[in-house]
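See below for the structure under consideration.
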Amino acid sequence: MSTRTFLFLLGSSRADGNTETLARLAAEQLPAGTEQRWLNLRDLPLPAFEDRRHTDGHSTPTGHSAALLEATLAATDVVIASPLYWYSVSASTKRYLDEWSGWLETPGVDFQRRMAGKTLWGVTALADTDTEVADPLTGTLRNSAHYLGMRWGGVLLGNGSKPGDVLTDTGAVADAKAFFS
């Protein structure tokens with residue numbers, strides 16, 4: 001039985017899109033017994049982030065923020081599965097990452113210390129054949145991992161527009177089969 005726990009955060013605005021398909025294909029390759037938790041950020045909407053570091057401070061998260069914090073801290077591996085939207089992560093994914101700023105400042109959470117040593121991964125599908133257009137998404141995730149002292153697992157890239165297209169990207173399918181190894 002594996003001691004790794006993967007949290008898959010789905011950031012697409014639609015169900016069963018190419019990013020989710022690619023993430024699930026990669027997850028199928030994990031060793032038997034590896035715990036997987038899948039959360040769809042559409043089902044856990046977050047309000048716009050309000051930075052309160054220099055005013056009244058951040059309070060203990062409640063609601064969806066509390067559920068996402070608990071799931072994030074319980075994982076050894078956090079997988080952000082966000083389609084490429086305007087060269088970066090989706091809005092729901094960005095709101096999740098913005099919550100990290102609040103969690104860093106929340107008394108008693110010790111977010112940075114507790115995230116250090118975990119691994120952050122990215123999975124994305126893009127409609128462009130030029131993968132360099134995903135560099136801002138990759139940079140966002142890689143730099144977030146670095147800031148928190150996390151290991152950077154990399155980004156699995158796939159090409160596709162309408163649902164299912166990514167399965168015709170033979171390079172992405174092959175990469176998915178070895179992504180988490």
Linking I/L/V/M/F/W/Y whenever their side-chain heavy atoms sit closer than 4.5 Å, directly or via other members, would [X] and [Y] fall into one cluster?
{"X": "Leu7", "Y": "Leu148", "answer": "yes"}
{"X": "Trp38", "Y": "Val89", "answer": "no"}
{"X": "Tyr147", "Y": "Val79", "answer": "no"}

[X] side chain to [Y] main-chain N or O, any donor-acceptor pair under 3.5 Å?
{"X": "Thr19", "Y": "Ala125", "answer": "yes"}
{"X": "Gln36", "Y": "Glu28", "answer": "no"}
{"X": "Lys118", "Y": "Ala75", "answer": "yes"}
{"X": "Glu70", "Y": "Ala66", "answer": "no"}
{"X": "Gln29", "Y": "Leu25", "answer": "yes"}
{"X": "Thr168", "Y": "Asp165", "answer": "yes"}
{"X": "Thr5", "Y": "Thr76", "answer": "no"}
{"X": "Ser90", "Y": "Gly11", "answer": "yes"}

Legend entry - Aromatic plane relationship, Phe180 with Phe6 - under 30° parallel, 30 to 60° tilted, over 60° perpendicular: perpendicular

Inset, instruction - May I ask you to decide if the ring planes of Tyr96 and Trp100 are parallel, tilted or perpendicular, using 30° and 60° as cut-offs? - result: perpendicular

Inset, instruction - State plainly whether the residues Arg114 and Asp110 are in salt-bridge range, i.e. N to O under 4.0 Å. - result: no

Inset, instruction - Taking the side chain as every heavy atom from C-beta outward, state whether Pro163 and Thr21 have any pair of such atoms under 4.5 Å apart. - result: no

Legend entry - Side-chain heavy-atom pair Trp86, Pro136 within 4.5 angstrom cut-off: no

Which atom of [X] lies closest to which atom of [Y], heavy atoms considered:
{"X": "Ala172", "Y": "Leu22", "value": "O-CD1, 3.9 Å"}
{"X": "Leu120", "Y": "Ser144", "value": "CD2-CB, 4.4 Å"}
{"X": "Ala23", "Y": "Val123", "value": "N-CG1, 3.8 Å"}
{"X": "Gly122", "Y": "Phe179", "value": "O-CZ, 3.5 Å"}
{"X": "Ser82", "Y": "Thr124", "value": "O-OG1, 2.6 Å"}

Legend entry - Candidate pair Asp77 and Trp121, rule side-chain contact (heavy atoms from CB on, under 4.5 Å), full reasoning: CA-CA 7 Å; Asp77 294 76; Trp121 308 83; 3.0 Å; yes

Inset, instruction - Take Phe8 and Arg24 through the test side-chain contact (heavy atoms from CB on, under 4.5 Å) and record every step on the way to the result. - result: CA-CA 9 Å; Phe8 289 86; Arg24 290 193 184 279; over 6 Å; no

Legend entry - side-chain contact (heavy atoms from CB on, under 4.5 Å) between Tyr85 and Leu137, worked out: CA-CA 9 Å; Tyr85 288 164; Leu137 178 145; over 6 Å; no

What pairs of donor and acceptor atoms, side-chain ones from residues 39-50 against any protein atom, are under 3.5 angstrom apart with sequence neighbours left out?
unit_1, atom_1, unit_2, atom_2, d
Asn40, OD1, Arg42, N, 2.9
Arg42, NH1, Ser12, O, 3.3
Arg42, NH1, Arg14, O, 3.2

Inset, instruction - Find the distance between CG (Leu84) and OG1 (Thr138) and round it off to the nearest 0.5 Å. - result: 8.5 Å

Legend entry - Straight-line distance of Glu99 CD to Phe111 CZ, nearest 0.5 Å: 10.0 Å

Legend entry - Leu73/Leu69 under side-chain contact (heavy atoms from CB on, under 4.5 Å): CA gap, chis, key distance, verdict: CA-CA 6 Å; Leu73 291 176; Leu69 173 60; 3.6 Å; yes

Solution key, residues 149-159 side-chain donor-acceptor pairs under 3.5 Å, sequence neighbours excluded:
unit_1, atom_1, unit_2, atom_2, d
Arg151, NE, Thr119, OG1, 3.2
Arg151, NH1, Gly117, O, 2.8
Arg151, NH2, Gly117, O, 2.6
Asn159, ND2, Leu126, O, 3.3
Asn159, ND2, Asp128, O, 2.9

